[in-house]
Amino acid sequence: MSGKITINGQLIDFTDEKNILAVARNAGIDIPTLCYHPELTIVGACRLCVVEIERMGIQASCSTAPADGMVVYTNSEKVNKVRKMVLELLLANHDRECTTCDSSGACKLQKYASDYGIKRLRYPNRAQMLPLDVSSLSVVRDPNKCILCGLCVRVCKEKQGIGVWDFKNRGSRTEIVAAMDQPLSESACINCGQCIAVCPCGALTSNSSAIQEVWSAIRDPKKTVVCQIAPAPRAALGEEFDLGSVEVTGKIVSALRKVGFDKVFDTVFTADMTTIEESNEFLGRLVKGENLPLFTSCCPGWVKYAEQFHPELLNNLSSCRSPQQMFGSLLKKKYAKDLGVAPEDLFVVSIMPCTAKKYEAKRPEFMTEGSYDVDAVLTTVETARLFREAGIIFKNLEDSRFDQPMEQATGSGVLFGATGGVMESVVRYVAGKLLNAEGRVDVEFTRGMEDTKIASINVGDNKLTLAVANGLAAAEALIEKIQSGELNVHAVEIMACPGGCVGGGGQPFQNNSEHRLARAKEIYNIDSKLVLHKAQDNEDLDKIFEKYWNGCCNHETHHDLHTHYQAKKRIAGNEIVIKDGEGPEITVCLGEGCLKKGSLAIVEKLANLPVKVKGVFCLESCGEGISVKVNNEILHVTEENVIDSIKAKCGCSCGCCS
Amino acid sequence: MENKEIKFLKLQQIIDAHEGKISHLIAILQESQAEYGYLPKEVLTYIATAMGISPATVLGVATFYAQFSLIPKGKYVIRVCDGTACHVRGSEPIMMGLRKELSLSADKPTSDDLMFTLETVSCLGACGLAPVVVADEEVHGQMTPDGILEVVKKLASAASEN
Ligand code: SF4
Ligand code: SF4
Ligand code: SF4
Ligand code: FES
Ligand code: FES
């Protein structure tokens, strides 16, 4: 549909805009919104976006379509009266401790209260303060600040396809809860932080305890404190200091030196390392024809998702650690020795666009001699806060360079910051290696913000079909196509966040498509300026591979730079007693995988015996057969052999099963 | 955790009868509640897992409708009619009296000893007898706040006798 509407006396053309709000914003007229997000479904709940339409009265502009000839007022007396009332009501239900709030300055509620001159509230304050949920390493939820806009519910459902959050109860008792009203850490949350990115008013924030840990380490004379910086923050941190989405790598390095870091390194260095290890893994699989398609493994959000929802794909995931963890391992296992410090006295900080990296850093498999390979993860936003607290005037800083001996970085590694970047890096490397291609190999199809991109390219004699997805709902749709046989691909890159890491949950507010696009553009811009183009062009990296591991892609790098995955349950909770009994205790898996394979039939069989039967929602050992736990050992059984298998393992002579 | 036996086979039959359709979630919850008397969290988790939907969604639906209960009901269910006729003839003081006597509230319908659950219903179709209260399946017409407390006392002592 198209036509003209009049807004505040100004005649405006519209074409395919879905609502009056979009028409107005495109024409440069702002309308305040709280429950609306252009990339999510519209619910029209908050009523802040109201406008006055002739013959229709007061309507929510986010959920009213434009019609030819409409006459709209966005700031009439009536409109502003309604908006003030809405704001007053919301503020009465909101814990207004702005001075102690991590979102102060980036909060829409605070901004609108000031824009609309709300000076006093006519409604009583919320009755009761509820406890915060600080169980997650990545996300903190303060229910006292929640205005029930539902954006977190929608983003997690629609973009990530997980649905961690939902409304509980109704009316005045409505609240937002995770899973079965559980601590967030016990849910299927993959820590991506996209709910933080959409929350308008500080009810969801990143778990920023790392800032204090970093200060303590810097002030501790025993510790050598080093830092690594991921690709995406360099194109976004400037936004926190009114510089826009422009590269500020050199300024970040200077600022970190001023804060007191002993060494500053570039995660792009280990992104190149990842490219080399992963590309060779890929080529090896192509030759053997096994574990294809290869799925990337740099995104800890995607990795946790795969462990929870696709245990059958875990062998297809690249075994490469992410660039963050490769650097951590390198620093703690090798570089610490060079410096002559013990791993626990080398404090490794990483600056990431990502809240899931906080979780990744605390995975138990990423430790060296009892200390975490990465000790603290700061998001882009938290890093800006660290700089402010240190009194650094960021805008005026001179550029500084990364430290030797890992200074070099290639454009290909920088691309890891945007969706499609890992795939492009692999293609560059493979083309360079197989075809001895000199100069630049630019890949077009991987670029752009679409949530799914698929293309076939020829690399020498090989025709490779490659797929790239961002957002796990899109990834899930892609996986379905691959598993149904509709699509045949050789490699898949998956990033959990819309647009990839440029849109990570730790990036500055506003974290919307416009900003993601601007940051991605800057990432490609940085790449085009760098002389080093492909991972194999990084000579510092060659030397490091040689010095520490006698080369790349060998048994030793496999030990230090690769990892393994483990099926994980999606919901924590107690075992449930299905049937009590005198005999031994047998736990049957009721997780989705085992249920589909028929665990209920096993429950039925066991229920006839005088044993105690328990159920649990995934025994975290998904594989062949149905998982059953007897005598602390997990067996994989079928309906036919369950009794015999249990008999063989049970070790008691009660005679229950005979 | 208390020891309650959960008949997952029955639960799976209910889900299968609805072909696991997400659009049938409310009906599945209704039938499950009929089976167990209430909806324990394990049952909700099972339904979410077996149907492949998020636990939060199932919890959201189960807590949206007043007909679902996530806690077991008391031994005796007392339903106070709050239809127009009963309301006009004084169902509210009856409700208030019961809540006070049993230390219950709108948010807490079941007594801690799991003896009584207090519910309101919109109309029992017995408006001629207003105000009407159904206590343990027995209809009491023209109730008064004092009258219903007598009924409650009788039920409580009957329970303590057996
Ligand atoms: S962090 Fe991501 S997965 Fe977790 S609740 Fe938020 S949006 Fe969902
Ligand atoms: S937590 Fe934030 S995003 Fe979620 S409903 Fe509350 S205010 Fe909205
Ligand atoms: S896409 Fe990037 S920012 Fe988002 S969860 Fe994955 S690694 Fe983190
Ligand atoms: S933004 Fe339109 S109703 Fe909330
Ligand atoms: S579904 Fe994970 S072990 Fe059964």
Side-chain angles (χ1 to χ4, degrees), chain A residues 150 152-153 156-157 160-182 184 186-189 309 569-581 588-596 598-601 603-604 607 612-618, chain B residues 1-20 22 25-26 28-29 32 35-36 38-72 104-109 120:
Chain A
C152 55
V153 176
C156 192
K157 235 181 244 181
Q160 303 299 39
I162 304 176
V164 169
W165 303 113
D166 216 321
F167 292 95
K168 183 187 169 197
N169 298 327
R170 60 172 173 173
S172 63
R173 293 167 56 230
T174 308
E175 53 180 327
I176 302 271
V177 299
M180 282 288 154
D181 200 354
Q182 280 160 304
L184 185 59
E186 293 182 7
S187 73
C189 171
F309 292 89
K569 54 178 157 188
R570 301 171 205 172
I571 185 163
N574 295 325
E575 296 176 332
I576 38 191
V577 179
I578 300 177
K579 179 188 151 293
D580 215 354
V588 181
C589 178
L590 299 175
E592 190 181 338
C594 292
L595 265 184
K596 280 194 182 139
S599 44
L600 282 180
V603 170
E604 193 167 16
K612 182 166 184 176
V613 186
K614 284 182 158 187
V616 66
F617 294 100
C618 188
Chain B
M1 141 151 219
E2 62 187 285
N3 184 355
K4 47 186 172 251
E5 297 192 359
I6 304 215
K7 307 155 212 132
F8 290 102
L9 291 170
K10 181 69 205 168
L11 214 46
Q12 188 60 45
Q13 280 165 14
I14 295 173
I15 296 170
D16 288 344
H18 290 278
E19 295 165 23
I22 294 173
L25 180 58
I26 294 177
I28 291 170
L29 289 173
S32 306
E35 193 65 30
Y36 297 103
Y38 72 110
L39 293 170
K41 284 206 172 150
E42 297 74 26
V43 165
L44 297 179
T45 308
Y46 182 86
I47 292 174
T49 311
M51 294 177 64
I53 42 183
S54 94
T57 305
V58 177
L59 181 72
V61 173
T63 55
F64 186 83
Y65 297 98
Q67 54 170 306
F68 296 127
S69 170
L70 270 63
I71 41 172
L104 298 175
S105 68
D107 290 350
K108 182 174 180 284
T120 46

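So you know, we letter chains A, B, ... as the sequences are listed, proteins then strands, and number each from 1.
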Honestly, the part of B:A62 sitting under 4.5 Å from a heavy atom of chain A is neither
When rounded to the nearest 0.5 Å, the distance separating CD of A:E175 from CG of A:D181 is 5.5 Å
Give me the ring orientation class for B:F8 and B:Y46: parallel if the planes are under 30° apart, tilted from 30 to 60°, perpendicular past 60°. tilted
From the list A:A607, A:A179, A:G161, the residue making the most non-hydrogen contacts under 4.5 Å with chain B is A:A179
Honestly, the part of A:I176 sitting under 4.5 Å from a heavy atom of chain B is neither
Under 4.5 Å to a heavy atom of chain B? For A:R570 that would be neither
- Is any side-chain heavy atom of B:I47 closer than 4.5 Å to a side-chain heavy atom of B:S32? yes
CD1 (A:I571) and OG1 (B:T45) are apart, to the nearest 0.5 Å, by 4.5 Å
d(B:H18 NE2, B:I14 CD1) to nearest 0.5 Å is 7.5 Å
Interface check, chain B: of A:K157, A:R173, A:Q182, most non-hydrogen pairs under 4.5 Å belong to A:R173
If one checks every heavy atom of A:L595 against chain B at 4.5 Å, the contacting part turns out to be side chain
Under 4.5 Å to a heavy atom of chain B? For A:V153 that would be neither
Whatever's closer than 4.5 Å to a heavy atom in chain B on A:L590 counts as both
Bottom line for A:F167: the part with an atom under 4.5 Å from chain B's heavy atoms is backbone
Check your understanding: Does the side chain of B:V58 come within less than 4.5 Å of B:P55's, by heavy atoms?
Key -> no
Honestly, the part of A:K596 sitting under 4.5 Å from a heavy atom of chain B is neither
Open item on the list: Is the shortest side-chain heavy-atom distance between B:I22 and B:I53 below 4.5 Å?
Closed with: yes
